[in-house]
Structure formats: structure tokens, C-alpha cells
**Student:** 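Here you go, one structure.
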Amino acid sequence: MSTLVFSPQSGHSIKPKTKQWQADFTLGLRRGLPIALGYIPVSFTFGLVAVRGGLPAWVAVLISLTNLTSAGQFAGTSLIIAGAALFEITITTLVINLRYLLMSLSLSQKLSTTLSLPQRAVMAFGITDETFSVASLEEQEVTFPYMLGLISGPYCGWGLGTAFGALICSVLPGNLQEALGITLYAMFIALLVPNVKRSQAALVVALLAIGISSCFTWLPVLNQISDGWSIIVATVTACLVGAALFPRKDV
Amino acid sequence: MTRILLAVFLMALVSYLPRVLPMAFRKKIQSPFLRSFLYYVPFAALGALTFPHILYSTGHLASATVGMVVALALAFRGKDLLTVAVAAAIAVYLCQLLLA
């Protein structure tokens, strides 16, 4: 086996490179499975809405496979259907997606500096709210095969769900569709809770973000601001306060 | 159709750029303040993404609240993502059946 690597100093064999690659990939794949399942009802709805709005099924799938965002592509697609100007479509989608700047920058600090640019370019494509959260809360190092495994399932789920929605083009039974609407949010809760139990700083930051996001939803004037901006403002403000109150020495 | 495909391309571009630009930045940030700031991003983003949007995720405030409480309770007990997500969906489903 040509890929076997031996540590010359100790004389002990270490894990062959391909084995480590496989182990990381498999771990990522496993972590991505719940995300993939959560994506199916959401992307199903997307496919349905897009085709109902007059887009061909293949365009709906193309949008999902090239955009891989929920809110961003929903908004962009509804503007396409409404016949909006290209400029408006682009700016709206951009604003909703600007939060990825923060997520990607945060994740980049967790990555090994040895990752190549093409590897980073591939990993970046798969960053979503869900994959970012799982990867950045991962205790072990986020390697290239791990990330590849993590994004494969959700990517397939997102594409398949869209295709089903676009081709079947009939709504899931109402109660089921509505019940599945909560899955991604429930997953967010499952990711957040163990961390806020462990760290008071994380708790304060999360509660602050929730408070600000609630203001943007319920207070007059503020509720005119789009979701894209409100998530960014809530995240940035909460993190600024967190960094000021609870500076970390170990990160 | 050309207009649509152009729009899809532009959407893909503005979906990818915010993700890839920071990743291309290979240097480790030195400032402790900025590092702390970025460390807190997942917690803040998860909070802002989840609440209050979760309350509107099922179409009924009551069932969404029930689903959220179930998710919180199970997450506090350390259940894994899939269990929490499936249990919340089942709770919402049962709640909708009761309300109907």
C-alpha cells in the first residue's frame, strides 16, 4: 500500500493518510445527515413555488444547485417570477446573503492555514446557516474531507427536494408540510443549547441576538427592515457586546 | 429565458462571493477583540436565525410554540440534532391534529 505513512522517529505506524481522509469524510457525512433531511421539506417547497410561479422544473433545480441558500434563493426567485429588474434581484439576494461574510470569516479562523485555495473555494461553496453552525461548533479540526462530507448530504438533499417539489408539483398534506417547517429551527436549538449550558458568555450573546432579532420582528419601524439586514445587525451587535464583555484569550 | 438564466447566474454569484471571499483570507487574525468577536458569531447567528422566526415556521403560533418547547426540553437533555428535529416535528403535527 503506497499511501502507508510511517513515523520514522517513534517507529510506530500512524494512520494511513487515506484512512484519516475516509474517517474525516465519514464523520462529516454523518454530521450532515440531519441537515440533509431537514432541507428536503424546505427545498420541496421551493421547487413547488418556483414551478407554480411559471419556471421550468430544471431551472428550479439549477437555482438550488448553484445558489444553495434558503432565504436568498426564495427571495431572488420570487423576484424573477414577478419580473423584477436584474439589479433588484441581485441586490436583494446579496443583502440576504451578506451574513455569510461573517460566518465564512468566523469559520476561516478555525481552519488550518495549510488548506489550499482551491480546497477553500470548494468548502466555501457549501457554507449555509446549518453547515456553518455544525462545522464551527465541531470539537475536532475542520479538515477538507470533513467539510466535503458535511456538505455532500445537504447539497444532495437540497437538490433532490427541489426536484421532487418541482416535478410532483402538488403540496404535501397541509399538516405534514407545516410540521416539517419547524425541523431546521429545532436543529438550531439542538446546536445552540448545549453550548449555552456550558458557557455563560455564549448564553448572553445568544440571548442578546434573540432580543435584537425580536425587536426587528415586532417593533414598529424596525419591522420594516428586511430579514437579511436584521440578522446581520443582531449578529454583529451581539458579538461586539460579547467580545467587549467576555474577551477570549484562548481563541 | 436568457433573462432568467442571467438572473440565476447573478444570484449564484452573490451567494458565492460572501462565502468565498473571507475563506480566501488565509492569515489568522491577531486582534484578540476581533478573534473573540468571530468566536461568538455562531451563537449570535443561531439565536438571531431561530427566534422569533421559529414561531412563524408552522403557520400556527400555538403549534410552533409547542414544537419549540419540545425542542428546547430535548436539547437541554442533550439529545442529538435528528432526535430534537423529528420530535419537534411530531409534536407540531400532533398539535395541529388536536387544533383542527
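These values consider heavy atoms only, across backbone and side chains, with no hydrogens, waters or symmetry-generated copies. Residue numbering restarts at 1 for every chain, and letters A, B, ... go by the order of the sequence lines.
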**Student:** Is it the backbone or the side chain of A/Gln73 that comes under 4.5 Å from a heavy atom of chain B, or both, or neither?
**Tutor:** both
**Student:** Which bit of A/Phe132 is near chain B, if near means a heavy-atom gap under 4.5 Å: side chain, backbone, both or neither?
**Tutor:**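 Looking at A/Phe132, just its side chain touches chain B.
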**Student:** At a 4.5 Å cut-off on heavy atoms, which part of A/Leu33 comes close to chain B: side chain, backbone, both, or neither?
**Tutor:** neither
**Student:** Shorter than 4.5 Å, heavy atoms on both sides: which option in A/Ala190, A/Gly211, A/Ala124 has the most such pairs with chain B?
**Tutor:** A/Ala124
**Student:** Can you check whether B/Ser36's main-chain N or O pairs, donor with acceptor, with A/Arg248's side chain at less than 3.5 Å?
**Tutor:**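 Checking the backbone N and O of B/Ser36 against the side chain of A/Arg248, no donor-acceptor pair under 3.5 Å is found.
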**Student:** Quick one: of B/Leu38, B/Ile90, B/Leu34, B/Val92, who has the most non-hydrogen atom pairs under 4.5 Å with chain A?
**Tutor:** B/Leu38
**Student:** Between A/Thr66, A/Ile80, A/Leu79, A/Ile89, who has the most heavy-atom pairs with chain B when the cutoff is under 4.5 Å?
**Tutor:** A/Ile80
**Student:** I'd like to verify something: which residue of B/Gln96, B/His53, B/Met23 has the highest number of heavy-atom pairs under 4.5 Å with chain A?
**Tutor:** B/Met23
**Student:** Could you look at A/Ser64 and say if it's the side chain, the backbone, both or neither that has a heavy atom under 4.5 Å from chain B?
**Tutor:** neither
**Student:** Is any side-chain heavy atom of B/Tyr40 closer than 4.5 Å to a side-chain heavy atom of A/Leu240?
**Tutor:**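 They are not in contact (no side-chain heavy atoms under 4.5 Å apart), so the answer is no.
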**Student:** Quick one: what part of A/Ser116 sits under 4.5 Å from any heavy atom of chain B, side chain, backbone, both or neither?
**Tutor:** backbone
**Student:** Please list, chain by chain and in numerical order, all residues satisfying side-chain hydrogen bond (donor to acceptor under 3.5 Å, both in side chains) with A/Arg31, sequence neighbours excluded.
**Tutor:** A/Glu138
**Student:** May I ask you to name which of A/Gly72, A/Ser133, A/Ala71, A/Gly126 has the most heavy-atom pairs under 4.5 Å with chain B?
**Tutor:**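 Of the options given, most contacts go to A/Ser133.
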**Student:** Is the CZ atom of B/Phe9 crowded by more than 12 outside heavy atoms at less than 6.0 Å?
**Tutor:**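 Atom CZ in B/Phe9 is not packed in, count stays at 12 or less.
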**Student:** Should the pair B/Phe51 and A/Trp218 be assigned to parallel (<30°), tilted (30 to 60°) or perpendicular (>60°) ring geometry?
**Tutor:**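 Correct class here is perpendicular.
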**Student:** Counting heavy-atom pairs under 4.5 Å with chain A, which one of B/Val84, B/Leu82, B/Leu46 comes out on top?
**Tutor:**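 The answer is B/Leu46.
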**Student:** Shorter than 4.5 Å, heavy atoms on both sides: which option in A/Ala202, A/Ala238, A/Ser230, A/Ser136 has the most such pairs with chain B?
**Tutor:**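 If we count pairs closer than 4.5 Å to chain B, A/Ala202 comes out on top.
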**Student:** Heavy atoms only, distances under 4.5 angstrom: which of B/Thr50, B/Leu6, B/Leu97 has the most pairs with chain A? Name it, please.
**Tutor:**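 Most pairs with chain A among the choices: B/Thr50.
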**Student:** Which residue pairs pass the ring-ring contact (aromatic ring centres under 6.0 Å, His included) test with at least one member in residues 60-113 of chain A, sequence neighbours excluded?
**Tutor:** A/Phe46-A/Phe74
